[in-house]
Amino acid sequence: MSNELPTKVSEVLTRDEIRELVTPTDHEGTLSVALTWTIIMGTLWIVGTWTNTWTIGMALVVLGGRHLALAILMHEASHRSLFKSRTLNDVIGKWLCAAPSWQQLHKYREHHLAHHAHTGTDNDPDLCLVEPFPTSWASLFRKFARDLTGLTAIKRIIGLLLMDMGFVTYTASGNARRIDQTGRSKRDILRMGLQNTGPVVLTNLALYGLLSTMGIGWTWWIWFAAYMTTFSLILRIRAIAEHACTDETDNQFLNTRSTRANWLARLTVAPHHVNYHLEHHLLMTVPHYRLPRMQQLLREKGVYEHAHWADGYWQVLKQVIRDQDQTPQPA
């Protein structure tokens with residue numbers, strides 16, 4: 001590749017390479033969903049069978065990562081790239097990926113496509129996730145403390161309830177806006193709330209029922225505890241890695257970062273190849289199971305001489321910390 005910075009992926013990859021990359025398959029999508037739920041059920045079975053401090057601690061870490069894994073599979077379904085079948089993307093994406101972790105596939109799809117259309121610009125709906133960076137270690141650790149003590153999750157749940165009942169606009173990040181309630185009755189609010197929260201309640205009742213038939217129904221609370229604690233921390237680190245402290249430009253070779261993920265990262269902050277985020281933004285309909293191949297092609301063509309790349313998530317965190325002689329940024 002020449003030293004001139006490309007502006008679109010078609011300048012780097014051939015038409016045949018792109019066609020190969022963007023073709024999903026139903027069996028690979030099915031394997032992705034099955035693997036995630038196997039890990040979830042296996043983790044809860046381990047806790048229910050050998051209950052002690054170590055297994056509970058392990059479960060909180062693993063299940064926090066599996067909440068993110070379901071969110072990533074929902075994200076794939078929002079692009080209709082998890083399955084070849086449009087129906088499977090919508091049905092499995094809603095009921096087995098989005099709802100168990102209190103997500104809404106169709107509303108997320110609209111929000112997320114706007115993020116792709118305006119990445120790194122003032123119109124990016126996810127800009128608020130990276131605006132606090134760079135920051136200080138003290139500020140970052142305060143954010144992590146709020147995550148692990150459940151304060152972030154409480155704020156998230158309040159926001160979800162307000163969105164589900166139609167009091168504020170939907171967002172997957174922040175900056176929700178109040179909706180005028182003129183003409184809305186209490187029945188309208190209740191109906192909308194039940195419609196939006198119904199899948200969340202039903203899927204979690206189904207999970208509790210399945211665990212109960214195994215004699216470990218109480219472990220559902222471990223699943224919930226992970227949602228309230230480690231999931232928030234993992235979600236934050238993932239968001240930081242993707243766009244924080246990249247270039248303020250609409251060139252997606254420069255406004256997005258990919259990160260190397262070891263086995264622990266893949267179990268927690270980087271499930272289903274979400275660490276290949278630059279590749280995803282360059283071709284957003286590439287299924288996650290094709291992203292490693294896409295990165296190989298881009299590396300062979302010298303793309304990473306220009307792009308943002310981190311050799312692990314610890315390196316990312318060091319990149320988003322300002323010099324100590326600057327004024328610390330409030331949490």
Side-chain angles (χ1 to χ4, degrees), residues 64 67-68 70-75 77-79 90-91 93-119 121-132 142-143 145-208 220-221 223-236 238-239 243 330-331:
H67 275 291
L68 178 59
L70 292 179
I72 299 307
L73 292 177
M74 177 201 66
H75 160 266
S78 76
H79 287 289
D90 287 349
V91 174
K94 174 181 178 177
W95 290 101
L96 290 184
C97 303
S101 290
W102 206 337
Q103 310 276 347
Q104 291 193 50
L105 173 63
H106 298 290
K107 290 185 178 181
Y108 174 81
R109 179 178 285 143
E110 181 180 353
H111 170 99
H112 187 63
L113 291 180
H115 165 63
H116 275 274
H118 304 290
T119 307
T121 71
D122 291 339
N123 293 321
D124 184 353
D126 289 348
L127 197 62
C128 59
L129 296 176
V130 296
E131 281 180 330
R142 285 196 295 271
K143 292 177 174 65
R146 291 197 295 269
D147 295 339
L148 291 176
T149 56
L151 294 177
T152 301
I154 292 172
K155 181 179 178 181
R156 181 172 66 244
I157 288 173
I158 292 172
L160 287 168
L161 287 171
L162 292 174
M163 287 187 285
D164 286 348
M165 291 186 291
F167 289 112
V168 299
T169 56
Y170 175 85
T171 177
S173 50
N175 300 327
R177 301 184 308 277
R178 289 188 178 184
I179 298 174
D180 184 3
Q181 300 298 303
T182 302
R184 293 189 76 207
S185 66
K186 292 181 179 179
R187 179 176 294 180
D188 293 332
I189 294 171
L190 180 60
R191 183 186 300 114
M192 185 175 185
L194 290 175
Q195 179 181 347
N196 288 326
T197 60
V200 181
V201 175
L202 288 174
T203 52
N204 277 278
L205 282 175
L207 176 58
Y208 175 78
W220 181 87
W221 292 101
W223 170 249
F224 178 70
Y227 179 83
M228 294 296 294
T229 56
T230 52
F231 174 50
S232 299
L233 174 63
I234 287 168
L235 196 62
R236 186 185 300 277
R238 171 245 177 162
H243 296 289

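Along the sequence shown, residues carry numbers from 1. Heavy-atom basis, side chains included; hydrogens, waters and symmetry copies ignored.
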Peer 1: Do L70 and F231 have side-chain heavy atoms sitting under 4.5 Å apart?
Peer 2: no
Peer 1: Quick check: W220 with F224 (ring centres under 6.0 Å apart)?
Peer 2: yes
Peer 1: So, using side chain to side chain contact (heavy atoms under 4.5 Å, CB included) as the criterion, who are the partners of N175 when residues are at least two apart?
Peer 2: C128
Peer 1: Who pairs with A153 by side chain to side chain contact (heavy atoms under 4.5 Å, CB included), at least two apart in sequence or on another chain?
Peer 2: R156, M228, S232
Peer 1: Kindly indicate whether the side chain of S101, heavy atoms from C-beta on, has any atom under 4.5 Å from the side chain of W223.
Peer 2: yes
Peer 1: CG/L68 to OG1/T230 distance, rounded to the nearest 0.5 angstrom?
Peer 2: 10.5 Å
Peer 1: Roughly how far, to the nearest 0.5 Å, is the CH2 atom of W102 from the CD1 atom of I157?
Peer 2: 5.5 Å
Peer 1: Does anything in residues 158-177 form a salt bridge (Lys or Arg N to Asp or Glu O under 4.0 Å)? List the pairs, not counting sequence neighbours.
Peer 2: none
Peer 1: List in chain and number order the residues that pass side chain to side chain donor-acceptor pair (under 3.5 Å) with T203, two or more places apart in sequence or in another chain; answer none if no residue qualifies.
Peer 2: none
Peer 1: What pairs with H116 under ring pair (Phe, Tyr, Trp, His ring centres under 6.0 Å), at least two apart in sequence or on another chain?
Peer 2: H79, H112, H280, H281
Peer 1: Please confirm whether the ring centroid of H75 lies under 6.0 Å from the ring centroid of H115.
Peer 2: no
Peer 1: What residues, two or more places apart in sequence or in another chain, satisfy side chain to side chain contact (heavy atoms under 4.5 Å, CB included) together with L105?
Peer 2: M74, A77, S78, D90, K94, A98, R109
Peer 1: Could you give the distance from OH (Y170) to NZ (K107), rounded to the nearest 0.5 Å?
Peer 2: 8.5 Å
Peer 1: For D147, check side chain to side chain donor-acceptor pair (under 3.5 Å) against everything at least two apart and list the hits.
Peer 2: T152, R236
Peer 1: Side chains of residues 181-190: which donor-acceptor partners sit under 3.5 Å, not counting sequence neighbours?
Peer 2:
{"residue": "Q181", "atom": "OE1", "partner": "R184", "partner atom": "NH1", "Å": "2.6"}
{"residue": "Q181", "atom": "NE2", "partner": "G166", "partner atom": "O", "Å": "3.0"}
{"residue": "Q181", "atom": "NE2", "partner": "I179", "partner atom": "O", "Å": "2.8"}
{"residue": "T182", "atom": "OG1", "partner": "D180", "partner atom": "OD1", "Å": "2.7"}
{"residue": "T182", "atom": "OG1", "partner": "D180", "partner atom": "OD2", "Å": "3.3"}
{"residue": "R184", "atom": "NH1", "partner": "M165", "partner atom": "O", "Å": "3.0"}
{"residue": "R184", "atom": "NH1", "partner": "G166", "partner atom": "O", "Å": "3.2"}
{"residue": "R184", "atom": "NH2", "partner": "M165", "partner atom": "O", "Å": "2.9"}
{"residue": "S185", "atom": "OG", "partner": "R187", "partner atom": "N", "Å": "3.4"}
{"residue": "S185", "atom": "OG", "partner": "D188", "partner atom": "N", "Å": "3.1"}
{"residue": "S185", "atom": "OG", "partner": "D188", "partner atom": "OD2", "Å": "3.2"}
{"residue": "D188", "atom": "OD1", "partner": "R191", "partner atom": "NH1", "Å": "3.1"}
{"residue": "D188", "atom": "OD2", "partner": "S185", "partner atom": "N", "Å": "3.2"}

Peer 1: Any chance you could measure H67, atom NE2, to T229, atom OG1, to the nearest 0.5 Å?
Peer 2: 8.5 Å
Peer 1: For L205, check side chain to side chain contact (heavy atoms under 4.5 Å, CB included) against everything at least two apart and list the hits.
Peer 2: V201
Peer 1: On a heavy-atom basis, which atom in N204 and which in A99 lie closest, and how many Å separate them?
Peer 2: ND2-O, 4.1 Å
Peer 1: What's the shortest heavy-atom distance between A172 and Y108, and which atoms?
Peer 2: CB-CD1, 3.8 Å
Peer 1: Measuring from atom CG of D124 to atom NE2 of H243, what distance do you get when rounded to the nearest 0.5 angstrom?
Peer 2: 7.0 Å
Peer 1: Y208: which residues meet the side chain to side chain donor-acceptor pair (under 3.5 Å) condition with it, sequence neighbours left out?
Peer 2: none
Peer 1: Can you tell me how far NE2 of H111 sits from OG1 of T171, rounded to the nearest 0.5 angstrom?
Peer 2: 4.5 Å
Peer 1: Test of understanding: with side chain to side chain donor-acceptor pair (under 3.5 Å), list the residues that count as partners of T169, not counting sequence neighbours.
Peer 2: none
Peer 1: What side-chain hydrogen bond (donor to acceptor under 3.5 Å, both in side chains) pairs are there with at least one residue in residues 193-202, not counting sequence neighbours?
Peer 2: none
